[in-house]
Amino acid sequence: MADTALGKGLDGQGYIAREGSLARVSDDFRPVVAAARDRLLDVFGARMHSAYLYGSIPRGTARVGHSDLDLLVVLHAEPTDADREDARVLGEGLDKEFRRIDGVGTLLYGKARVLSEPERHDLGWFVACLCTPLLGEDLAEYLPRYRPDSLLARETNGDLALLLPRWRERITAADSEEARRPLVRLLSRRLVRTGFTLVMPRWNGWTSDLTEMAEAFGAYYPERAEQMRAAAVRGYEPVGDAAVLRSYVGDLGPWLAEEYARVHGVKAPRPD
């Protein structure tokens, strides 16, 4: 298939445009965002450098009762176990109070790591392009602009082969439909995003919509298109099906990891 010049999600110079803004947060989710902002200040105070929203809420595509609240908190120092526990308790409190969200996920990182050279095209790109500033100084000011190229593809999702053994362990431990459902959601989303970034340089654009990602992938790998479309559906509406999880780690995942390494190479090692 001929490469497209669509350029979706890019600015006029071909760089990935930052997605999301506080202005796109719908009225349904404004109360929980306001509460999260206040509680982050209360919990982390002077330890916090900045905080961000990401995901469907700042993109304006969140669904009441289905979407979670995704937060990234950057601390001045590397997070401790106590910091992680504080974030967990904060998230549980928000999830319990606001029925319109389906869980809270909070990522914690130190400022130095976000701005480090090894993270320039992974965590740095994530902050600069996929995160919406909520509190503090925006670290995107210290990061470069990014194109949808092979380097970005390798450094964001070129570690799938390393994840597969961990996924198999988690699948073995998930002994009920209730336990498998969030795992199906997590793995489905990761596989679709990896499939998309595999073809991202040829598609020449960016999107965070799982359906669009699957369609972009399928245009270049039609023999795997239906698998990826099904994974996109499960990323939004997961079911606790053990057979789905087995297919991910037994077929689609290993194939995708091998093809990714062939096309883009393997992600550079990280300290952790």
Side-chain angles (χ1 to χ4, degrees), residues 3-24 48-60 70-79 105-160 162-163 189-190 192-210 212-213 216-217 260-261 263-272:
D3 293 354
T4 179
L6 179 61
K8 180 180 174 63
L10 307 182
D11 65 17
Q13 295 179 301
Y15 295 103
I16 296 175
R18 194 175 210 172
E19 63 177 28
S21 72
L22 294 181
R24 295 182 186 174
M48 183 172 61
H49 172 275
S50 51
Y52 306 80
L53 296 173
Y54 68 95
S56 60
I57 289 180
R59 292 198 302 267
D70 295 309
L71 300 168
L72 168 68
V73 178
V74 180
L75 303 180
H76 289 286
E78 283 299 301
T106 304
L107 301 176
L108 285 177
Y109 292 101
K111 176 184 175 183
R113 179 169 178 179
V114 175
L115 297 179
S116 68
E117 185 59 34
E119 295 289 354
R120 183 63 55 88
H121 286 81
D122 188 8
L123 184 55
W125 164 79
F126 178 71
V127 170
C129 295
L130 303 190
C131 289
T132 297
L134 182 64
L135 288 165
E137 182 184 25
D138 183 10
L139 286 179
E141 299 297 326
Y142 301 92
L143 293 162
R145 302 171 77 189
Y146 297 88
R147 297 186 186 277
D149 56 20
S150 186
L151 172 61
L152 185 63
R154 184 182 74 234
E155 293 304 304
T156 52
N157 289 304
D159 59 348
L160 183 58
L162 296 178
L163 294 177
R189 292 186 171 206
R190 182 58 189 263
V192 173
R193 288 166 180 159
T194 302
F196 170 70
T197 51
L198 172 63
V199 304
M200 175 182 66
R202 287 184 282 173
W203 195 69
N204 188 33
W206 175 260
T207 178
S208 284
D209 182 272
L210 296 179
E212 288 186 330
M213 285 182 164
F217 167 87
Y260 213 97
V263 175
H264 298 301
V266 178
K267 184 176 183 176
R270 301 291 193 269
D272 56 357

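No hydrogens, no waters, no symmetry mates; every other heavy atom, side chains included, goes into these values.
Between the CG atom in L123 and the CD atom in E155 there is a gap of 12.0 Å [rounded to 0.5 Å]. Here the CG atom belonging to L210 is positioned 5.5 Å from the CZ atom belonging to R189, to the nearest 0.5 angstrom. Between L108 atom CG and L75 atom CG the span is 5.5 Å, to the nearest 0.5 Å. Interatomic distance, L135 CG to Y52 OH, rounded to the nearest 0.5 Å: 10.0 Å. For the atom pair CG (L151) and OH (Y146), the distance works out to 9.5 Å, reported to the nearest 0.5 Å.
Contact annotation: the side chain of M213 never approaches that of W203 to less than 4.5 Å [non-hydrogen atoms, C-beta and beyond]. Between L53 and D70, every side-chain heavy-atom pair lies at or beyond the 4.5 Å cut-off. The closest side-chain heavy-atom distance from V114 to E119 is not below 4.5 Å. A heavy-atom distance below 4.5 Å is found between the side chains of N157 and R190. Taking 4.5 Å as the limit, every side-chain heavy atom of K267 sits out of range of all side-chain heavy atoms of Y260. A 4.5 Å side-chain heavy-atom check between R154 and T197 finds every atom pair outside the cut-off. Between T156 and H121 the shortest side-chain heavy-atom distance does not fall below 4.5 Å.
The two atoms that bring P133 and C131 nearest to each other are CD-O, 3.8 Å, heavy atoms only. Contact between P201 and H264 at its shortest, heavy atoms only, is CG-CE1, 3.7 Å. Between G20 and T132, the closest heavy-atom pair is C-OG1, 3.3 Å. Contact record, F217 with G195: CD1-O, 3.3 Å, taken as the closest heavy-atom pair. Heavy-atom minimum distance, P79 versus G110: CD-N, 3.6 Å. Of all heavy-atom pairs spanning D149 and M200, the tightest one is O-CE, 3.8 Å.
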L107 vs Y54, side chain to side chain contact (heavy atoms under 4.5 Å, CB included): CA-CA, chis, key distance, verdict: CA-CA 10 Å; L107 301 176; Y54 68 95; 3.5 Å; yes
Walk me through whether L10 and N204 qualify under side chain to side chain contact (heavy atoms under 4.5 Å, CB included). CA-CA 9 Å; L10 307 182; N204 188 33; 3.8 Å; yes
Please walk me through it: do F196 and W206 pass ring pair (Phe, Tyr, Trp, His ring centres under 6.0 Å)? CA-CA 9 Å; F196 170 70; W206 175 260; 5.4 Å; yes
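Checked by atom type and distance alone, the side chain of D159 never pairs as donor or acceptor with a backbone atom of L162 at under 3.5 Å.
A salt bridge does not link R113 to D122: none of the charged side-chain nitrogens sits closer than 4.0 Å to a carboxylate oxygen.
Listed by chain and residue number, R18 satisfy the salt bridge (Lys or Arg N to Asp or Glu O under 4.0 Å) test with D138 (two or more places apart in sequence, or in another chain).
Each of L72, V73, L22 was scored for a side chain to side chain contact (heavy atoms under 4.5 Å, CB included) with L134, with one residue passing: L22.
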